[in-house]
Engineer: 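Structure incoming, see below.
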Amino acid sequence: MSKGVTKQSDDFAKWYTDVVRQAKLADYGPVKGTMVIRPYGYAIWENFQRILDRMFKDTGHVNAYFPLFIPEHFMHKEAEHVEGFAPEVAVVTHGGGKKLEEPLVVRPTSETIIWNMYKKWISSYRDLPLLINQWANVVRWEMRTRLFLRTTEFLWQEGHTAHATAEEAEEETLKILEVYRTFAEDFMAMPVITGQKSESEKFAGAVRTYSIEAMMRDGKALQSGTSHYLGQNFARAFEVTFQNTDNQEELVYATSWGVSTRLVGGLIMSHGDDKGLILPPRVAPYQVVIIPIYRDDTRALVMEEVNNLVDQLDKVNVRTTVDDDQKSSPGFKFNEWEMKGVPMRVEIGPKDVEKGQAVVVIRHSGEKHFIKLTELAAFLDSHVEIIQDQLFQRALDFREENTHTATTWDEFKDIIENKGGFVKAFWNGSADVEEKIKDETKATIRCIPFDQPEAAGKCIYTGEDSTQQVIFAKAY
RNA sequence: CGGGGUGUGGCGCAGCCCGGUAGCGCGCUUCGUUCGGGACGAAGAGGUCGAAGGUUCAAAUCCUUUCACCCCGACCA
């Protein structure tokens with residue numbers, strides 16, 4: 001493996017792939033479009049899972065697990081749903097050496113099988129709300145794939161809830177969107193824009209789709225999580241009704257929502273630089289890496305301080321690893337752990353021990369601090385949050401710098417072509433116009449943000465009066 | 001599916017035009033010296049040249065067929 005990675009400015013896509021592979025996050029699987037998530041990458045995903053799972057439980061949800069295989073005819077019950085997913089489902093036609101009576105669809109998402117079950121479980125308003133989440137793999141046969149961002153099989157969580165009223169379901173949809181926003185911003189240090197998807201970008205089978213949209217360091221948008229208000233579409237398709245307090249039968253109201261391993265890709269592209277990954281401390285597998293520097297005669301001396309520091313960091317729950325591999329030099333280790341994005345590096349050598357200090361290097365800023373050993377643990381502990389905040393602020397500043405407002409079509413095209421990033425512009429709400437803009441510029445409507453300007457404006461394409469300002473961008 | 005490209009030790013590649021003993025760098029193994037920004041030396045291990053067929057005394061190299069993967073476009077978390 002060669003030293004370093006392709007520079008972001010040379011080829012961002014190549015940089016991304018280089019980092020994923022050199023930081024040992026993931027590797028290509030033998031089947032086209034599949035990905036092996038390696039231990040270091042999986043550790044990040046496990047951190048995501050741990051944090052999100054807690055948030056879901058704190059908002060009243062429970063976990064369950066539904067089967068991978070779905071009878072093919074289930075997919076046909078909801079018209080929009082089948083139309084949306086038909087081209088990308090994998091179908092199993094044989095089992096046990098025989099052709100199956102009915103082919104089985106490998107789930108691209110679980111609405112159908114879940115609502116098939118909910119029909120059995122829901123009969124009264126007393127059974128509602130039903131708030132279930134599952135952690136699972138799903139398969140979507142994509143034409144073009146990229147590690148983490150779009151793979152044939154991916155890991156995600158999908159929440160599926162059933163409610164007695166439309167208001168309550170809508171409230172749930174937005175509550176989860178807020179969970180996603182909090183997770184992205186407070187843990188991944190990835191600022192996001194919350195809003196509603198346009199009709200053409202919404203989930204197949206949803207009434208409304210909301211999303212969080214993040215800006216990557218190349219200015220492109222990444223849809224990072226979606227929350228759908230499904231209305232009664234799936235309840236109608238699967239005949240899921242309940243008796244309300246007036247003893248009347250009613251269709252239930254539904255939501256579904258998910259985030260996937262794509263978030264790992266978002267994390268990489270939100271913070272990384274030409275030296276590799278930069279991980280926010282709250283989700284980093286290791287927050288501190290200690291690199292002891294010694295020769296045989298100074299080993300005991302150095303390791304005593306190292307072990308002492310590990311104990312102290314352990315007490316304050318700072319995730320730490322020590323790289324005392326004898327085979328590689330300190331210089332090699334510096335580069336390797338920078339590639340892996342560990343937020344803080346501590347160097348302790350004989351000279352340091354003599355002076356009663358250690359060297360701390362902050363990954364994202366490159367700052368070098370000489371800290372007294374007696375103050376070291378406290379310094380590192382406090383910098384977990386300091387670094388977390390700095391990374392969020394840096395990402396936010398980057399997004400603001402790369403977000404422009406366009407009021408004329410020429411201006412719009414110029415920004416998309418020459419500057420990139422997000423473009424705020426008014427839109428008349430027409431799918432036709434949305435399509436034309438996409439054809440002419442490759443920019444799509446990422447979302448209709450909740451955050452709207454006071455004044456109305458004119459549609460960027462037609463010049464008609466418009467009250468909705470939307471975010472356009474090229475997207476992953 | 002359209003356009004482009006690549007298949008040769010684990011990884012990255014050269015060799016192919018012009019057929020003649022399969023090579024280089026990195027990695028790996030062992031030993032020794034090193035160790036504060038990608039250490040060095042010595043000795044080793046490791047390849048049915050993507051697959052099938054053909055031409056030839058002889059094929060990684062020429063011909064035919066085929067498969068796979070990657071990149072760019074049309075679909076998508």
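As the structure is a computational prediction, the values presented were derived from the model and not from experiment.
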Engineer: Distance check: side-chain N/O of A:S329 vs OP1/OP2 of B:C35, anything under 4.0 Å?
Structural biologist: no
Engineer: Can you check the distance between B:A59 and B:C63, where both ends of the measurement are the P atom (answer in whole Å)?
Structural biologist: 16 Å
Engineer: Is A:R150 close enough to B:A77 that one of its side-chain N or O atoms is under 4.0 Å from OP1 or OP2 there?
Structural biologist: no
Engineer: With sequence neighbours excluded, tell me which residues meet ring-ring contact (aromatic ring centres under 6.0 Å, His included) with A:Y461.
Structural biologist: A:W409
Engineer: When you compare B:C16 with B:U61, how far apart are their P atoms, in angstrom units rounded to a whole number?
Structural biologist: 12 Å
Engineer: Using a distance-only criterion (donor-acceptor N/O pair, under 3.5 Å, no hydrogens), is the base of B:G36 paired with the side chain of A:R295?
Structural biologist: no
Engineer: Looking at A:Y476, I'd like to know if the NZ or CZ of A:R150 sits under 6.0 Å from its six-membered ring centre while staying within 45 degrees of the ring's axis.
Structural biologist: no
Engineer: Grab the N/O contacts between the protein and nucleotides 66-70 of chain B below 3.5 Å, and write none if there aren't any.
Structural biologist:
unit_1, atom_1, unit_2, atom_2, d
B:C69, OP1, A:K32, N, 3.4

Engineer: Hey, does A:K351 reach any base, or is it just sugar-phosphate, or nothing, if we go heavy atoms under 4.0 Å?
Structural biologist: base
Engineer: Sort out for me which residue in A:R363, A:K7, A:R217 forms a salt bridge (Lys or Arg N to Asp or Glu O under 4.0 Å) with A:D273.
Structural biologist: A:R363
Engineer: Could you work out which one of B:A74, B:G38, B:G36 sits closest to the side chain of A:I293?
Structural biologist: B:G36
Engineer: Once hydrogens and angles are ignored, does a donor-acceptor distance under 3.5 Å link the base of B:G37 to the side chain of A:E347?
Structural biologist: no
Engineer: Spell out yes or no: do the side chain of A:S260 and the base of B:A77 have one donor N/O and one acceptor N/O closer than 3.5 Å?
Structural biologist: yes
Engineer: Just how far, in rounded Å, is P of B:C35 from CG of A:N335?
Structural biologist: 18 Å
Engineer: So does A:E201 pair up with A:K438, basic N to acidic O under 4.0 Å?
Structural biologist: no
Engineer: Any ring pair (Phe, Tyr, Trp, His ring centres under 6.0 Å) pairs touching residues 264-285 of chain A, not counting sequence neighbours?
Structural biologist: none
Engineer: For A:L222 and A:F334, find the nucleotide of RNA chain B closest to each by heavy atoms; which residue's nucleotide sits nearer the 5' end?
Structural biologist: A:F334
Engineer: Tell me the interatomic distance from A:K202, atom NZ, to B:A77, atom P, rounded to whole angstroms.
Structural biologist: 13 Å
Engineer: Is A:G349 touching bases, backbone alone, or none of the nucleic acid, heavy atoms closer than 4.0 Å?
Structural biologist: base
Engineer: Restricting to non-hydrogen atoms, name the atom on A:V192 and the atom on A:A184 that form the minimum distance, rounded to 0.1 Å.
Structural biologist: CG1-CB, 3.8 Å
Engineer: Heavy-atom nearest nucleotide on RNA chain B for A:G225 versus A:K327: which residue maps closer to 5'?
Structural biologist: A:K327
